[in-house]
Amino acid sequence: MAKVPKPKSSLLFYYGLALFILAVFNWLGKPYLDEGKVKTVDYSAFLEMTEQKSIERIEMDENRIVFKGTDGHKYQTGPMTDPKLVERLKDSGIPFTAEIRETPSLIMSLIVNWVLPILIFFALGQFMSRRMFGGGSGPGNMFSFGKSNAKVFDPASATIRFKDVAGEDEAKENLSEIVDYLHNPNKYTAIGASMPKGVLLVGPPGTGKTMLAKAVAGEAGVPFFSIAGSEFVEMFVGMGASKVRDLFKQAKEKAPCIVFIDEVDAIGQKRHGAVMGNDEREQTLNQLLTEMDGFGGNSGVIILAATNRPDSLDPALLRPGRFDRRVPVELPDLEGREEILKVHAQKIKTTTDVDFHTIARMAAGASGAELANIINEGALRAVRSGRSEVCQADLEESVEVVIAG
């Protein structure tokens, strides 16, 4: 799985923030740190302490007079035109000296004033970018803007088959033709037929659209790209379209393959031409339309998409040549519900008297996801009762919990 790409403007923001903090520290912080340990007094107080011999040592330069009192504190005062100051200090017996400042070399001055701040600024920027975006090298570094972050599944790692998807016989029959085409393309090309470029899975939430896509990947034995429609939508204009281009570029390199876009309505909604519309989403949709059926061609790449809102999709996306076939994935009937319950019940321990037909009749109108939850709730109820197996009463109670609340 590719890492999330780092927006360029976000990186620039954190680099700028690090530089700003460094500049503020040099401008405001350092003088306060230096002066916080030295107390500033009037020149008259300095003379009075000199007469009282309450000063241990005096250091002078052209900008200030710094002296340490007998109380252990350090003081400073501004210089005055006082020709008798040296004689006064001699008479008091207080040791005094003038500060000698060495002029730094040009190379050292360049390093301290320019090279060192830039290195600190760059290190802070790298640290903050790593904390925010994961950093490091590879596809997720700062040079991966606009790269697709689709999950790529190897055919050998696919574990779901059509036999694992129950209650959707018509949908599996439609999709099995695509699997057969990927296995035996010559059988179709010999007669001049071509496989649909895109297949749209349409149905209510929880009916198993995503699981059907995984089953197609497992049956076909070809590389499978999976990405959600919302992952194309970016804050920065042009990033989503760049992701679409990169996704199809990777897919064409591994053709024949399947690209699955879940919740395609996130980028495929109808274009209304409003002035205040989402330009980024529309550019992403335009790029998707071009990649699916444009001048470049899209040979060997089959697009699977899922949505529960087909009425919101743009007509240009639904036309033949893009999504040629619509596969309805409806709520299962009585027989389908019973099969789904049996598939999910294989994962738990049940007693021999469990009647899945009765449970399926009680769960009329339930989706595949709700039926899976019924099995899980029954298992949880058995655990709460201190039993090691799920009985009929557990499942009947879980039907009321899931369906009726």
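Predicted model, so just to flag it, every value in this text is computed and none were measured. The basis for the numbers below is simple: all heavy atoms, side chains too, and nothing from hydrogens, waters or symmetry mates.
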Check: Asp42/Ser44 side-chain N/O donor and acceptor closer than 3.5 Å: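 No, no side-chain donor-acceptor contact under 3.5 Å.
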Distance-only side-chain donor-acceptor flag, Asp265 / Ser312, under 3.5 Å: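 No, because no side-chain N or O of Asp265 sits under 3.5 Å from a partner of the opposite role on Ser312.
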For [Y], is there any backbone N or O sitting under 3.5 Å from a side-chain donor or acceptor partner on [X]?
| X | Y | result |
| --- | --- | --- |
| Arg322 | Leu289 | yes |
| Ser367 | Leu331 | no |
| Asp180 | Ser176 | no |
| Ser385 | Arg387 | no |

Trace of the ring-ring contact (aromatic ring centres under 6.0 Å, His included) decision for Phe46 with Phe67: CA-CA 9 Å; Phe46 165 66; Phe67 54 96; 5.0 Å; yes
For Thr40, all residues meeting side-chain hydrogen bond (donor to acceptor under 3.5 Å, both in side chains), sequence neighbours excluded: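 With neighbours one apart ignored, the set is Gln76.
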Parallel, tilted or perpendicular: ring planes of Tyr181 versus Tyr188, cut at 30 and 60 degrees: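 Ring orientation of Tyr181 relative to Tyr188: perpendicular.
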For [X] against [Y], the heavy-atom pair lying closest together:
| X | Y | answer |
| --- | --- | --- |
| Leu395 | Gly378 | CD2-CA, 4.2 Å |
| Val165 | Lys172 | O-NZ, 2.7 Å |
| Lys197 | Met292 | CD-O, 3.6 Å |
| Ala171 | Val329 | CB-CG2, 4.4 Å |
| Leu317 | Leu313 | CD2-CD2, 4.5 Å |
| Gly229 | Ala266 | C-CB, 3.7 Å |

Candidate pair Gln250 and Asp246, rule side-chain hydrogen bond (donor to acceptor under 3.5 Å, both in side chains), full reasoning: CA-CA 6 Å; Gln250 294 181 44; Asp246 185 69; 2.6 Å; yes
Worked check of side-chain hydrogen bond (donor to acceptor under 3.5 Å, both in side chains) between Gln287 and Gln283: CA-CA 6 Å; Gln287 187 64 45; Gln283 287 192 23; over 6 Å; no
Counting heavy atoms not belonging to [X], are there more than 12 under 6.0 Å from its [atom1]?
| X | atom1 | value |
| --- | --- | --- |
| Lys187 | NZ | yes |
| Glu335 | CD | no |
| Met211 | CE | no |

